[in-house]
Amino acid sequence: MLQNSLPKKVDIKFIEYDYDCLQKNKHDDPLFEKYDVVLMVKPLSLKLKGVRSVSLEDIMNFKDIDILNSIFKPYLDEDEIEEFNQNLLKNFSIQSVMENLTILNPQKLLDFVSESVQNLQLVMQKKFQSRTIIGIYIHICFLVERLVTKTAIEIYENLDDFANNHSDFIEQVNQSFDSMLKNYHVKMPISEIAYLYEYIADDEDERKVASDDEF
């Protein structure tokens with residue numbers, strides 16, 4: 001979708017890469033030996049310091065767009081950069097992303113996810129930031145697809161510790177997403193709940209940093 005937003009071809013190679021490998025290997029991954037990585041479009045939960053990156057959520061929020069533009073400025077003039085930005089606005093709506101990246105009915109799935117996330121905010125008595133909500137939408141939509149196709153992520157570092165320390169959160173998630181999970185006849189693995197927890201923890205960390213900056 002990012003490549004298709006460009007007004008013309010540029011001399012940059014676009015590579016799809018496995019999230020689990022990067023999460024596990026981080027900077028030691030062979031990807032960084034094989035390629036000169038100029039930019040990584042990643043989920044919020046993937047932390048790689050020193051690697052120039054933007055999150056899919058921030059693209060959809062049109063945040064940090066200057067980072068994207070700076071990558072393509074050597075190849076595009078000002079009018080082409082503007083056309084690129086307009087194409088991003090069109091191509092990276094939540095609906096467009098779901099239509100391109102999931103085999104399931106996107107509107108039906110989004111309706112379930114929206115209701116479930118609202119339930120989760122109510123039971124946690126929290127209000128998530130918009131970029132966090134978008135991130136959760138994307139994460140859960142892809143999660144349901146992985147569960148339906150039986151390709152869910154089962155690996156998570158220190159999973160037993162997470163299960164023992166966050167039993168309340170696990171119960172809240174299962175309660176909030178109950179209707180959606182029953183509709184698709186799936187169960188949510190604790191490993192996937194752990195990744196969801198990271199999104200919400202990041203949200204709280206950002207709020208704390210913003211609050212500290214005000215003083």
Side-chain angles (χ1 to χ4, degrees), residues 1-6 9-76 80-81 84-85 87-89 91-92 94 97 100-101 128-143 146 153-159 161-162 165-166 191-215:
M1 293 179 68
L2 182 62
Q3 188 171 9
N4 289 338
S5 296
L6 290 166
K9 290 184 178 180
V10 297
D11 190 22
I12 293 178
K13 189 171 185 177
F14 292 78
I15 302 170
E16 294 180 15
Y17 204 73
D18 187 72
Y19 170 88
D20 291 339
C21 289
L22 289 174
Q23 186 79 321
K24 178 182 178 182
N25 300 328
K26 305 219 183 291
H27 299 86
D28 294 328
D29 194 275
L31 172 74
F32 299 107
E33 295 181 5
K34 187 174 182 179
Y35 296 102
D36 177 18
V37 179
V38 295
L39 183 70
M40 181 176 295
V41 179
K42 64 179 186 62
L44 284 172
S45 57
L46 181 61
K47 306 292 191 242
L48 283 177
K49 292 183 178 179
V51 179
R52 198 174 195 188
S53 62
V54 293
S55 71
L56 180 58
E57 294 86 344
D58 282 342
I59 293 177
M60 295 171 69
N61 272 326
F62 230 63
K63 182 180 178 182
D64 293 334
I65 195 65
D66 289 343
I67 296 176
L68 270 178
N69 289 343
S70 67
I71 297 298
F72 298 114
K73 275 185 177 178
Y75 308 96
L76 305 176
E80 290 168 334
I81 288 289
F84 170 60
N85 290 342
N87 290 339
L88 282 179
L89 281 172
N91 292 337
F92 278 84
I94 185 71
V97 170
N100 280 273
L101 300 181
F128 305 146
Q129 298 180 86
S130 60
R131 72 192 295 261
T132 301
I133 291 176
I134 290 175
I136 293 174
Y137 278 14
I138 295 170
H139 175 81
I140 297 300
C141 285
F142 296 164
L143 159 62
R146 289 197 301 271
I153 299 172
E154 300 289 351
I155 301 172
Y156 188 87
E157 189 175 355
N158 299 322
L159 184 60
D161 289 343
F162 175 84
N165 294 330
H166 301 287
S191 53
E192 295 281 9
I193 296 177
Y195 286 114
L196 175 58
Y197 180 85
E198 289 185 7
Y199 273 104
I200 297 172
D202 286 343
D203 180 275
E204 293 176 347
D205 289 344
E206 286 185 4
R207 288 177 184 273
K208 185 177 185 303
V209 170
S211 177
D212 291 344
D213 288 345
E214 291 178 0
F215 297 95

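Just so you know, these numbers use all the heavy atoms, side chains as well, and skip hydrogens, waters and symmetry mates.
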Listed by chain and number, what are the side chain to side chain donor-acceptor pair (under 3.5 Å) partners of [X], not counting sequence neighbours?
| X | result |
| --- | --- |
| S5 | N91 |
| D161 | none |
| Y75 | none |

Practice task
Mind running side chain to side chain contact (heavy atoms under 4.5 Å, CB included) on L143 and R146 for me, showing each step along the way?
Solution key: CA-CA 5 Å; L143 159 62; R146 289 197 301 271; 4.0 Å; yes
Using the test side chain to side chain contact (heavy atoms under 4.5 Å, CB included), find all partners of [X] that sit at least two apart in sequence or belong to another chain.
| X | answer |
| --- | --- |
| K26 | Q23, L48 |
| I193 | F162, F169, I170, V173, N174, M188 |
| K13 | I15, Y35 |

Enter the distance from [X]:[atom1] to [Y]:[atom2] here, rounded to the nearest 0.5 Å.
| X | Y | atom1 | atom2 | answer |
| --- | --- | --- | --- | --- |
| M40 | L22 | CE | CG | 5.0 Å |
| F32 | N25 | CZ | CG | 9.5 Å |
| F14 | L6 | CZ | CG | 5.0 Å |
| I133 | I138 | CD1 | CD1 | 12.5 Å |
| L2 | L88 | CG | CG | 6.5 Å |
| L196 | I136 | CG | CD1 | 5.5 Å |

For residues 67-74, tabulate all N or O donor-acceptor pairs below 3.5 Å that involve a side-chain atom, not counting sequence neighbours.
residue, atom, partner, partner atom, Å
S70, OG, R52, NH2, 2.8
S70, OG, D66, O, 3.4
S70, OG, I67, O, 2.7

Exercise for the section: Indicate the atoms forming the closest heavy-atom contact of E192 with H139, along with that distance. Expected result: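 Taking every non-hydrogen atom into account, O-NE2, 3.5 Å.
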Problem - Donor-acceptor contact present, side-chain H27 to main-chain K49, <3.5 Å - result: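 Checked: pair present.
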